[in-house]
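A short write-up of the structure that comes next.
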Amino acid sequence: MTMERGDPLLRIEPTEAPGGLAVRGELDCFTVDQLALAVQALLDSGGDLTLDLSELSFLDASGIRLLVRTADTLRSHDALLTVIGSRSIVHRALNIAQLDRLPNVRVTHP
Amino acid sequence: LRWGSGDDQRAFRGGAAALREARHYVRDRADAAGLEGRIADDLVLAVAEACANALRHSGHSEAIVRWKEHPEGIEVEVEDRGVFPPQLRLHEPDSTPGFGLHLMTILADEFCLQKGTAQRPGTVVRIHKRTVDVVRQTEA
């Protein structure tokens with residue numbers, strides 16, 4: 001966790017090719033709604049989704065829940081979720097959640 | 001680790017910033033104690049869940065975090081001033097109740113929950129992480 005005290009807790013930027021979001025900062029129960037809104041906007045537009053978490057420095061249970069929920073929604077549209085991981089603690093959280101065991105999820109490492 | 005040499009405690013009050021500070025506090029203590037990466041990550045993840053419950057769901061936006069160093073590991077206690085929910089909260093939007101609790105039990109080597117009640121508010125979560133694998137010798 002290398003963020004400085006004054007930094008915003010979470011920063012979300014759209015990415016092109018692959019289409020999705022790059023998420024920086026720390027994802028927890030207080031910041032997860034911000035990401036949920038951004039993800040929802042992309043889900044509404046359809047297609048596969050890539051979440052680049054390589055600059056994310058923390059992910060808690062509420063973040064994992066959001067990823068699982070997102071994967072479920074994409075699956076009902078026959079679409080894929082790609083998660084680009086990640087620093088050790090985020091990797092550990094993803095690993096415990098066994099996110100890559102969901103049929104339409106790929107977890108890749110930069 | 002020297003027993004008790006790094007014992008410490010701190011109170012966190014508020015919302016998002018307090019939760020982040022609590023996480024960073026645990027990370028700093030883990031670094032100061034020289035914990036191995038995986039053990040430190042597991043402690044930070046587990047204590048973060050306990051602090052999230054205290055700051056977000058206890059109704060009091062306060063978490064007291066106690067860091068205790070034992071010869072065989074680290075014990076972190078998180079105390080709030082709330083009442084532990086006496087019922088499942090399946091009706092709450094967007095929550096899978098108990099997921100954070102489940103995550104803590106997976107991450108900890110030992111886990112203890114002392115529930116705050118209406119008569120005696122204050123929930124305490126105790127998370128123990130071993131830093132050495134001890135094989136106990138049985139006396140012949």
Side-chain angles (χ1 to χ4, degrees), chain A residues 1-12 23-40 43 53-73 85-99 101-102 109, chain B residues 12-31 35-58 61 63 78 80 89-90 92-108 125 127 129:
Chain A
M1 288 185 270
T2 53
M3 292 190 71
E4 299 300 324
R5 202 162 280 253
D7 289 348
L9 292 168
L10 198 69
R11 209 158 42 212
I12 304 166
V23 190
R24 295 161 182 269
E26 302 180 33
L27 189 56
D28 63 26
C29 64
F30 286 107
T31 59
V32 71
D33 289 350
Q34 211 182 318
L35 181 60
L37 278 176
V39 164
Q40 190 56 50
L43 289 175
L53 306 185
S54 50
E55 296 295 320
L56 191 72
S57 57
F58 187 78
L59 170 69
D60 78 350
S62 64
I64 294 171
R65 275 203 302 267
L66 174 62
L67 294 178
V68 172
R69 228 164 44 232
T70 302
D72 284 348
T73 306
S86 59
R87 302 187 191 180
S88 75
I89 194 163
V90 174
H91 179 73
R92 174 72 172 140
L94 292 174
N95 197 268
I96 289 172
Q98 298 201 81
L99 199 73
R101 299 285 291 272
L102 297 175
H109 300 283
Chain B
F12 300 90
R13 289 182 190 87
L19 180 55
R20 173 162 71 166
E21 277 190 32
R23 275 197 303 267
H24 287 221
Y25 168 72
V26 175
R27 171 64 76 188
D28 290 346
R29 298 310 310 171
D31 287 347
L35 296 192
E36 181 230 314
R38 163 63 71 85
I39 292 171
D41 284 350
D42 284 3
L43 258 184
V44 173
L45 285 166
V47 176
E49 294 301 330
C51 289
N53 288 342
L55 294 171
R56 179 107 204 219
H57 302 297
S58 76
S61 304
V78 177
D80 65 32
R89 293 170 161 176
L90 298 169
E92 285 186 4
D94 232 24
S95 71
T96 313
F99 186 42
L101 200 60
H102 192 183
L103 190 61
M104 283 190 264
T105 62
I106 288 175
L107 291 161
V125 165
I127 292 157
K129 197 76 184 163

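Here is the naming used below: chain letters follow the sequence lines, and residue numbers restart at 1 for every chain. The figures that follow rest on heavy atoms only: side chains count, while hydrogens, waters and symmetry mates do not. Small disclaimer: the values here were computed from a predicted structure and weren't measured.
- Atoms OG1 and CG, from A/Thr31 and B/Leu19 in turn, are 8.5 Å apart once rounded to the nearest 0.5 Å.
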Start with the C-alpha distance between B/Arg23 and A/Asp28, add both sets of side-chain angles, then the distance that settles side-chain contact (heavy atoms from CB on, under 4.5 Å), and finish with yes or no.
CA-CA 11 Å; B/Arg23 275 197 303 267; A/Asp28 63 26; 2.8 Å; yes
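- The OG atom of A/Ser57 sits 8.5 Å away from the CZ atom of B/Arg20 when rounded to the nearest 0.5 Å.
- Contact of A/Leu59 with chain B is made through the backbone alone, with heavy-atom distances under 4.5 Å.
- The closest donor-acceptor contact from the side chain of B/Arg56 to the backbone of A/Cys29 lies under 3.5 Å.
- Remark: A/Ile96 CD1 to B/Leu103 CG distance equals 5.5 Å, nearest 0.5 Å.
- A pairwise comparison of heavy atoms in B/Ala48 and A/Phe58 identifies CB-CZ, 3.4 Å as the closest pair.
- Once rounded to the nearest 0.5 Å, the distance linking NE2 of A/His91 with CG of B/Asp41 reads 10.0 Å.
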